There are 2 protein chains.
Amino acid sequence: MPHPQPSLPAPAHPEVDSMLSRKFGREVANYFSGSPLNRLGFLRSEHSFLSQALNHPTTSFLLCNELQPLVQSKEAKRIQWLKFHDIKDIVGDDPFAKDEETVLKEFDSEKTSAQLVFLGVEENAKGGLEYQGKNLYKGAPFFAVDVTPKGEGKVKDACTALIKKLEEQGTGFGKGRIMELEAGDAAIYAEARQMLDWNARNPFCAQCGQPTLSVNGGFKRACPPQDVATPASGARKPCATRKGVSNLSFPRTDPTVIMAIVNHAGTHLLLGRSKRFPPAWYSTLAGFAEPAESIEEAVRREVYEEAGVLVGRVVIHSTQPWPYPANLMIGAIGQSVPDGETIDLGNDPELEDARWCPFDEVREALKIGVSGLGDPAPPEYRGGLRLPPETAIANQLMTSVVNGFVGVEAKM
Amino acid sequence: MPHPQPSLPAPAHPEVDSMLSRKFGREVANYFSGSPLNRLGFLRSEHSFLSQALNHPTTSFLLCNELQPLVQSKEAKRIQWLKFHDIKDIVGDDPFAKDEETVLKEFDSEKTSAQLVFLGVEENAKGGLEYQGKNLYKGAPFFAVDVTPKGEGKVKDACTALIKKLEEQGTGFGKGRIMELEAGDAAIYAEARQMLDWNARNPFCAQCGQPTLSVNGGFKRACPPQDVATPASGARKPCATRKGVSNLSFPRTDPTVIMAIVNHAGTHLLLGRSKRFPPAWYSTLAGFAEPAESIEEAVRREVYEEAGVLVGRVVIHSTQPWPYPANLMIGAIGQSVPDGETIDLGNDPELEDARWCPFDEVREALKIGVSGLGDPAPPEYRGGLRLPPETAIANQLMTSVVNGFVGVEAKM
């Protein structure tokens with residue numbers, strides 16, 4: 001059964017008529033963007049705010065087990081939100097009771113606790129928390145909590161018990177790559193997944209090798225100067241991340257390029273496939289941006305490496321957060337130079353095939369042949385090219401190009 | 001003395017007339033982009049290629065000491081390239097003699113060696129190396145080598161001796177934030193600096209806390225399964241990064257947003273300043289993209305957090321690699337919504353001031369008031385607003401907007 005396509009996020013502020021929107025048209029909002037939450041990142045350092053947010057009656061918790069979200073039974077299109085009392089056994093009465101200075105001083109590398117992440121507040125919710133900082137902030141708070149049973153002891157046992165209870169109640173965790181949640185839930189899940197994964201991948205400091213500690217509402221991992229689990233003084237080795245700011249302390253996002261390449265004549269699109277794709281399924285080329293490249297350079301390098309094609313002008317189209325595990329997809333459209341259009345898969349043998357597809361063929365496939373990577377072709381498919389669904393930025397890029405750059409000129 | 005402005009990189013393939021370039025105009029190539037090298041990243045795993053590249057007569061080495069580049073004396077506008085025999089004492093006869101499998105097997109956490117990074121080849125160079133892979137690759141190879149004296153023993157002593165000798169010869173390492181190199185050298189330095197810095201920040205595995213090892217021409221840090229320095233079997237703790245692909249093994253680049261925000265009437269630009277800026281010096285707002293945001297969302301969040309202004313439509317303009325330490329600056333133009341233009345510095349108190357500057361004032365400052373952050377105002381400056389130089393993407397964004405979006409429509 002193919003998954004029904006979920007809703008896509010609405011473009012931002014479509015109602016506001018502005019010079020930019022008149023000049024460039026509506027903004028493309030890709031799947032996993034369009035979060036309904038205000039992250040209020042500057043309040044992550046205020047433990048009393050986090051404490052109040054954790055305990056408020058309007059607060060919702062997204063549970064993840066092995067990074068999979070707790071979803072409503074049957075269709076799995078919506079997150080199953082829980083309340084604080086549901087997870088109290090796992091996170092304790094108030095994990096935000098103390099300020100960061102105290103938490104660092106009392107660091108004990110032998111204690112395990114469940115990872116919590118403050119995701120933000122929904123400002124339009126009724127009866128939300130009111131918090132007076134420099135301004136008055138209002139909204140229903142959202143948190144993510146990692147209930148993966150791991151380590152030893154109380155927390156693991158509480159996670160195992162909760163998961164069992166939820167399963168008995170008929171709710172369960174999503175399976176495979178989650179791509180069917182409704183737009184708003186998808187954006188919140190993307191934030192939760194990427195943050196929980198980052199915390200789980202960084203229990204040690206890459207600079208000094210010592211255990212790290214989650215602070216700042218889950219958005220920072222500090223390298224504490226002491227550890228009560230260490231005998232004698234408790235002092236640890238010095239670490240450069242404790243002086244000044246180090247990016248190692250903060251969440252990682254990997255910029256990635258994904259590009260629809262048009263031939264010089266403006267008639268064909270360059271598409272490729274890897275071995276793991278289903279038969280006849282192609283997509284736009286993509287790859288990680290490398291250190292010290294512009295996005296435009298990364299596009300040209302990747303297309304040369306994977307397909308041997310030389311690209312001239314590159315324009316950026318739109319962007320998509322991609323939480324598998326931590327990518328920012330930067331979507332571009334590029335055009336090959338006339339003497340650089342011969343396909344050669346021999347440089348970096350990443351693709352099984354790449355070919356120039358006529359716009360007509362792509363147009364037809366966008367109508368009858370789109371489906372998720374793991375899903376069967378849709379019922380209307382009658383053979384020929386298959387392509388990724390609307391939730392993929394690749395689809396948005398191709399759609400843009402074959403419809404006469406409709407929306408490209410607009411978008412850029 | 002203000003630094004004379006260095007050359008900027010030329011737009012890519014400006015000579016090729018294409019549909020995209022006719023529709024969108026010339027591509028903006030920002031400072032630190034426009035590298036003259038082909039990185040040939042797919043050859044980093046071939047140790048025999050790296051071996052030959054290291055020893056070739058056309059090969060050039062960029063030395064960095066505490067991340068500062070060795071530059072030609074006097075103007076410091078060009079890198080001082082060295083040859084293999086100059087650094088042989090530091091890197092040894094052939095650090096690429098063995099394949100990755102062997103290197104991992106023989107890992108000894110007590111051995112120190114100087115970090116080498118393969119940067120790429122200049123394909124147009126005469127007499128360059130010819131290497132037969134799947135295709136024939138030609139060019140003069142470039143490497144970066146970290147000669148910072150650190151640790152103990154032979155390598156440190158060799159670095160100290162070489163630095164002393166170079167200083168006696170009248171060459172030396174750049175000072176402060178390097179922004180005066182010619183375009184091509186600047187792009188190569190950006191790659192070298194970011195890669196050497198990443199290696200220096202990640203001597204341990206964030207997943208398991210054990211020492212890591214540089215492989216893949218400096219572009220990967222592996223977590224070896226054994227260590228000859230460990231007594232008995234030499235086996236180390238298991239680590240998740242050894243199974244499958246983990247982004248922790250690969251260089252990190254932090255996507256950053258930087259944005260020129262136009263008011264709804266289309267007459268003023270939102271500029272801000274932090275305490276560390278010189279008097280009257282303002283720039284566009286900027287900040288890190290967070291996990292699971294689109295660039296467009298990150299722009300809106302940062303402008304709200306830092307200045308309280310609400311932004312509607314956002315268009316992406318161009319991008320700039322920024323190796324201090326590892327950023328990709330994604331330049332955007334946005335427009336505020338009519339009821340969201342009151343400046344409020346109270347949310348995230350990062351800025352000392354923010355204000356709406358009339359286009360005329362910005363236009364004038366771009367003519368007479370630009371200079372690097374650490375440099376004095378230019379001789380033609382007669383007071384009023386000061387702004388960043390052409391080498392900063394902030395300058396390119398502002399120039400674009402106040403010149404009636406010349407080049408914006410083009411660029412996008």
Side-chain angles (χ1 to χ4, degrees), chain A residues 12-13 16 18-21 23-24 27 30 32-33 39 41-42 134-135 190-191 194-195 198 201-202 204-209 247-248 251-255 264 266 289 291-297 300-301 305 312-316 319-321 323 325-326 328 335 337 346-348 409 412, chain B residues 12-13 16 18-21 23-24 27 30 32-33 39 41-42 134-135 190-191 194-195 198 201-202 204-210 247-248 251-255 264 266 289 291-297 301 305 312-316 319-321 323 325-326 328 335 337 346-348 409 412:
Chain A
H13 302 275
V16 179
S18 70
M19 185 171 56
L20 281 192
S21 62
K23 222 173 168 87
F24 305 114
E27 194 172 295
N30 288 296
F32 287 129
S33 78
R39 298 186 177 203
F42 44 88
K134 172 80 195 301
N135 288 312
E191 183 186 0
Q194 189 170 338
M195 289 306 303
W198 173 72
R201 281 176 197 244
N202 290 270
F204 294 91
C205 177
Q207 184 76 75
C208 72
N247 66 352
L248 295 180
R252 170 174 176 152
T253 299
D254 296 311
H264 192 254
E293 300 183 304
S294 69
I295 285 302
E296 297 85 347
E297 288 179 297
R300 285 188 279 270
R301 178 185 51 71
E305 288 180 2
R313 182 73 168 97
V314 172
V315 292
I316 299 176
T319 61
Q320 179 173 43
L328 170 66
Q335 191 160 22
V337 302
N347 293 320
D348 189 0
E409 189 166 34
M412 310 219 182
Chain B
H13 302 275
V16 178
S18 71
M19 185 172 55
L20 282 192
S21 62
K23 218 172 170 86
F24 305 114
E27 193 172 295
N30 288 296
F32 287 130
S33 78
R39 298 187 177 202
F42 44 88
K134 171 81 197 298
N135 289 311
E191 183 185 359
Q194 189 170 339
M195 289 305 303
W198 173 72
R201 281 176 197 244
N202 291 270
F204 294 90
C205 177
Q207 184 77 74
C208 71
Q210 300 170 104
N247 65 352
L248 296 179
R252 171 174 174 151
T253 298
D254 296 311
H264 192 254
E293 299 183 305
S294 69
I295 285 303
E296 297 84 346
E297 288 179 297
R301 179 186 49 73
E305 287 179 2
R313 183 72 167 96
V314 171
V315 292
I316 299 176
T319 61
Q320 178 174 42
L328 169 67
Q335 192 161 20
V337 300
N347 293 321
D348 189 1
E409 190 166 34
M412 310 220 184

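Values in this document were obtained by computation on a predicted structure and should not be read as measured data. First the proteins, then the strands, lettered A, B, ... as listed; each starts at 1.
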Visitor: Side chains of A:Leu248 and B:Asn202: does their closest heavy-atom pair fall under 4.5 Å?
Guide: yes

Visitor: Name the region of B:Pro323, side chain, backbone, both or neither, that has any atom closer than 4.5 Å to a heavy atom of chain A.
Guide: neither

Visitor: Does any backbone or side-chain atom of B:Asn135 lie under 4.5 Å from a heavy atom of chain A? Answer side chain, backbone, both or neither.
Guide: side chain

Visitor: Counting heavy-atom pairs under 4.5 Å with chain A, which one of B:Arg252, B:Glu297, B:Arg201 comes out on top?
Guide: B:Arg252

Visitor: How long is the straight-line distance from OG of B:Ser294 back to CD of A:Glu27, given to the nearest 0.5 Å?
Guide: 6.5 Å

Visitor: Quick check on A:Gln207 against chain B: is it the side chain, the backbone, both or neither that has a heavy atom closer than 4.5 Å?
Guide: both

Visitor: Ignoring hydrogens, what is the shortest heavy-atom contact between B:Phe32 and B:Ala190? Give both atom names and the distance.
Guide: CD2-CB, 3.7 Å

Visitor: Can you tell which of A:Met195, A:Glu293, A:Lys134 has the highest number of heavy-atom pairs within less than 4.5 Å of chain B?
Guide: A:Glu293

Visitor: Measuring heavy-atom distances to chain A, does B:Gln335 have an atom under 4.5 Å in its side chain, in its backbone, in both, or in neither?
Guide: both

Visitor: What residue in B:Cys208, B:Ala289, B:Ala326 has the most heavy-atom pairs under 4.5 Å with chain A?
Guide: B:Cys208

Visitor: Distance check, rounded to the nearest 0.5 Å: B:Leu328 atom CG versus A:Asp254 atom CG?
Guide: 11.5 Å

Visitor: Any non-hydrogen side-chain atom of A:Glu296 less than 4.5 Å from a side-chain atom of A:Ile316?
Guide: yes

Visitor: Side-chain contact, heavy-atom cut-off 4.5 Å: B:Pro321 with B:Gln194?
Guide: no

Visitor: I need the residue from A:Gly209, A:Gly266, A:Pro325 with the largest number of non-hydrogen atom pairs under 4.5 Å to chain B.
Guide: A:Gly209

Visitor: Between B:Gln320, B:Glu191, B:Arg301, B:Glu305, which shows the greatest number of heavy-atom pairs under 4.5 Å with chain A?
Guide: B:Glu305

Visitor: What part of B:Ile295 lies closer than 4.5 angstrom to a heavy atom of chain A: side chain, backbone, both or neither?
Guide: both

